[in-house]
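Following: one structure in structure tokens, then a few remarks.
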Amino acid sequence: MAQNTLPQEPIRAAKNTDYPRLVEIWRAAVKATHHFLDEAYFNYIEAHLAQDYFPNVTLEVFTTPKNGGRAENCAAFMGYALQGEVLRLEMLFVAPAFQRQGIGAAMLQHAKSLSRNILLDVNEQNTSALAFYQKQGFSIIGRSALDGCGKPYPLLHLKYEQSE
């Protein structure tokens with residue numbers, strides 16, 4: 001799917017019934033990009049996605065038509081929290097089969113339409129994600145040696161600030 005053939009309004013609020021598919025997307029995307037995560041930590045995060053992480057963010061999905069009909073396929077999702085005028089992007093994952101088709105960029109464009117200031121963290125070892133965010137106008141503003149759970153997976157803190 002080329003970027004110019006994306007559906008007109010593919011982003012919608014996630015439903016609880018989407019959670020199993022979103023966990024599948026997360027699993028496949030992380031397995032493809034996060035080779036540095038140990039299996040126990042991977043399993044821990046996966047076990048907590050639907051019950052602990054998804055309900056604590058505004059969760060939106062990117063859908064594509066399925067089987068040429070009315071059914072839809074969730075191809076990606078993002079979770080964020082608005083804190084005043086700042087959007088804190090907590091997660092953005094695109095299913096591997098849909099990567100490099102403009103979906104991640106479309107989701108970030110949607111986030112940019114919600115706030116002129118976006119903060120996010122990316123694992124330092126995930127160099128492809130870092131390159132993607134930098135291409136989308138994000139800058140590194142800091143680094144933490146530990147991730148949000150205190151594990152030794154360094155994070156880079158990024159910021160996008162849209163000028164007036």
Side-chain angles (χ1 to χ4, degrees), residues 1-15 18-19 21-37 45-46 49-50 52-66 72-144 147-148 153-164:
M1 178 188 310
Q3 187 168 358
N4 61 356
T5 62
L6 295 176
Q8 292 294 58
E9 294 185 36
I11 298 172
R12 65 162 172 79
K15 306 171 201 163
D18 293 324
Y19 285 9
R21 173 64 181 148
L22 303 187
V23 171
E24 287 176 11
I25 292 170
W26 177 88
R27 182 185 311 115
V30 170
K31 286 286 186 187
T33 58
H34 292 62
H35 305 289
F36 50 89
L37 281 184
I45 295 170
E46 182 177 21
L49 282 172
D52 297 325
Y53 299 135
F54 291 167
N56 289 309
V57 294
T58 299
L59 202 57
E60 296 183 332
V61 298
F62 187 102
T63 61
T64 61
K66 187 175 180 180
E72 62 183 20
N73 182 40
C74 291
F77 71 93
M78 70 176 174
Y80 61 87
L82 280 170
Q83 302 165 337
E85 294 184 12
V86 176
L87 185 144
R88 175 88 189 146
L89 187 62
E90 299 292 345
M91 55 187 85
L92 173 58
F93 292 96
V94 179
F98 292 95
Q99 290 178 358
R100 301 192 187 286
Q101 297 177 22
I103 292 173
M107 295 201 82
L108 276 181
Q109 190 59 39
H110 174 67
K112 290 173 182 178
S113 76
L114 300 173
S115 176
R116 302 168 68 84
N117 299 296
I118 302 172
L119 298 174
L120 64 87
D121 293 335
V122 66
N123 289 101
E124 187 173 63
Q125 300 99 316
N126 191 350
T127 55
S128 61
L130 175 59
F132 167 74
Y133 288 121
Q134 288 178 315
K135 183 178 177 184
Q136 299 300 319
F138 285 79
S139 302
I140 298 170
I141 58 169
R143 181 184 184 275
S144 297
D147 72 4
Y153 298 108
L155 295 176
L156 296 175
H157 310 298
L158 293 115
K159 182 176 185 175
Y160 172 84
E161 191 166 24
Q162 192 174 42
S163 56
E164 303 256 347

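Scope of the values below: all heavy atoms of this structure, side chains included, with no hydrogens, waters or symmetry mates.
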Legend entry - Value rounded to 0.5 Å, distance of OG1 in T33 from CD in Q125: 11.0 Å
Legend entry - Carboxylate-amine/guanidinium contact R21 E24, below 4.0 Å: yes
Inset, instruction - Could you tell me the separation between the CD1 atom of I118 and the CD atom of E161, rounded to the nearest 0.5 Å? - result: 11.0 Å
Inset, instruction - With rounding to the nearest 0.5 Å, note down the distance linking CG in L87 to CG in L114. - result: 6.0 Å
Inset, instruction - Examine distances only and state if a side-chain atom of N126 and a backbone atom of V122 form a donor-acceptor pair shorter than 3.5 Å. - result: no
Legend entry - Residues E60, R12: salt bridge by 4.0 Å N-O rule: no
Inset, instruction - Give, for atom CG of L108 and atom NZ of K135, the distance between the pair rounded to the nearest 0.5 Å. - result: 12.0 Å
Inset, instruction - Scan residues 102-134 for pairs that pass ring pair (Phe, Tyr, Trp, His ring centres under 6.0 Å), counting only residues two or more places apart or in two chains. - result: Y133-F138
Legend entry - Beyond-backbone contact of E46 with V23, side-chain heavy atoms, under 4.5 angstrom: yes
Inset, instruction - Drop me the distance from F77's CZ to L59's CG, to the nearest 0.5 angstrom. - result: 6.5 Å
Legend entry - Spacing of L156 atom CG and I141 atom CD1 [to the nearest 0.5 Å]: 10.5 Å
Inset, instruction - Look at the aromatic rings of F93 and W26 and report parallel, tilted or perpendicular, splitting at 30° and 60°. - result: perpendicular
Legend entry - Pairing residues for S113 by the side-chain hydrogen bond (donor to acceptor under 3.5 Å, both in side chains) criterion, not counting sequence neighbours: none
Inset, instruction - Spell out, as yes or no, whether a donor-acceptor pair under 3.5 Å connects the side chain of T63 to the backbone of N73. - result: no
Inset, instruction - Go through the side-chain N and O atoms of E124 and Y153 and say whether any donor and acceptor fall under 3.5 Å apart. - result: no
Inset, instruction - Any pair with a residue in residues 73-89 that passes salt bridge (charged side-chain N to carboxylate O under 4.0 Å, His left out), sequence neighbours left out, goes on the list, sorted by first then second residue, please. - result: R88-E90, R88-D121
Inset, instruction - Using side-chain contact (heavy atoms from CB on, under 4.5 Å) as the criterion, point out the one residue from V30, N123, D147 that pairs with L37. - result: V30
